[in-house]
Amino acid sequence: MGSMALSNHYRSEDLLDVDTAAGGYQRRIGLNQCLPITFCIHTGLSQYLSLADVEGRCRNEIFYQCPDQTTHNPAALDMFVTGTSFSQWFTSYVQHVVSGDYPIIRDQIFRYEHDKDCVATTEEITISVSTSFLPELSSIHPPHYFFTYRIR
């Protein structure tokens, strides 16, 4: 589903098969009635599919969990929503891969978002910038958002 390699951080997220996802069904506070759909063995990070309208989530929403670091309840979670439904989430991902928006480098898909306005050409040199959000290093409370950049 995508990789990220930095000098001291590596992520390689895989789409889970149905049996593995079903085995990860959650009933605990913060992830109640959620199903993991991706997993990264390096970071332990998963994207989840909400199966019901519970705990502030909408049914079918796809999200990364994010511990709320300002609360005293260790089960309190915020979330980074990545899709409003599985079909919307997966279709968008496939479109990014097929269109070349997500570059494939050494057989790994890198989920960089490229804004067409982030391109400049001077004489014969063109520079473009793409970003990738790192939810595993980010938090909502307190607000800290980490991104990596790809400059070409």
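Any value given below was found using the heavy atoms of this structure, including those in side chains, with hydrogens, waters and symmetry copies removed.
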Mind checking whether [X] and [Y] sit in one hydrophobic cluster, side chains of I, L, V, M, F, W, Y counted as touching below 4.5 Å?
X	Y	answer
W89	V18	no
V98	Y102	yes
L16	L51	no

For the residue pair [X] and [Y], categorise the inter-ring angle as parallel (less than 30°), tilted (30 to 60°) or perpendicular (more than 60°).
X	Y	value
Y145	F133	tilted
F147	Y149	tilted
Y112	F110	parallel

How close do [X] and [Y] get, counting heavy atoms only, and between which atoms?
X	Y	answer
L134	S138	O-OG, 2.7 Å
G24	P36	O-CD, 3.2 Å
V54	N32	CG2-O, 3.4 Å
L45	P135	CD2-CG, 3.9 Å
A52	Q33	CB-OE1, 2.9 Å
L49	N60	CD1-O, 3.5 Å

Which value, rounded to the nearest 0.5 Å, describes the distance between [X] atom [atom1] and [Y] atom [atom2]?
X	Y	atom1	atom2	answer
L137	H144	CG	NE2	12.0 Å
E13	S46	CD	OG	7.5 Å
I62	S92	CD1	OG	11.5 Å

Mind checking side-chain hydrogen bond (donor to acceptor under 3.5 Å, both in side chains) for [X] and listing every partner two or more places apart, or none if nothing turns up?
X	result
Q26	R28
D17	T20
S130	H114
T82	Q47

Exam field: side chain [X] to backbone [Y], donor-acceptor pair closer than 3.5 Å:
X	Y	result
T38	D14	no
S132	R111	yes
E61	R57	no

- prompt: Do the side chains of F90 and I37 get nearer than 4.5 Å, heavy atoms only?
  reply: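 Not touching, per the 4.5 Å side-chain cut-off.
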field: Test item: side-chain donor near acceptor, E136 and T43, under 3.5 Å
entry: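 Absent: no donor and acceptor within the cut-off.
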message: Can you pull out every salt bridge (charged side-chain N to carboxylate O under 4.0 Å, His left out) where at least one residue sits in residues 35-45? Sequence neighbours excluded, please.
response: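 Sorted result for residues 35-45: empty, none.
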message: Applying ring pair (Phe, Tyr, Trp, His ring centres under 6.0 Å) as the test, list every pair that has at least one member in residues 22-55; sequence neighbours left out.
response: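 Residue pairs passing ring pair (Phe, Tyr, Trp, His ring centres under 6.0 Å), neighbours aside: Y10-H42, Y48-F63.
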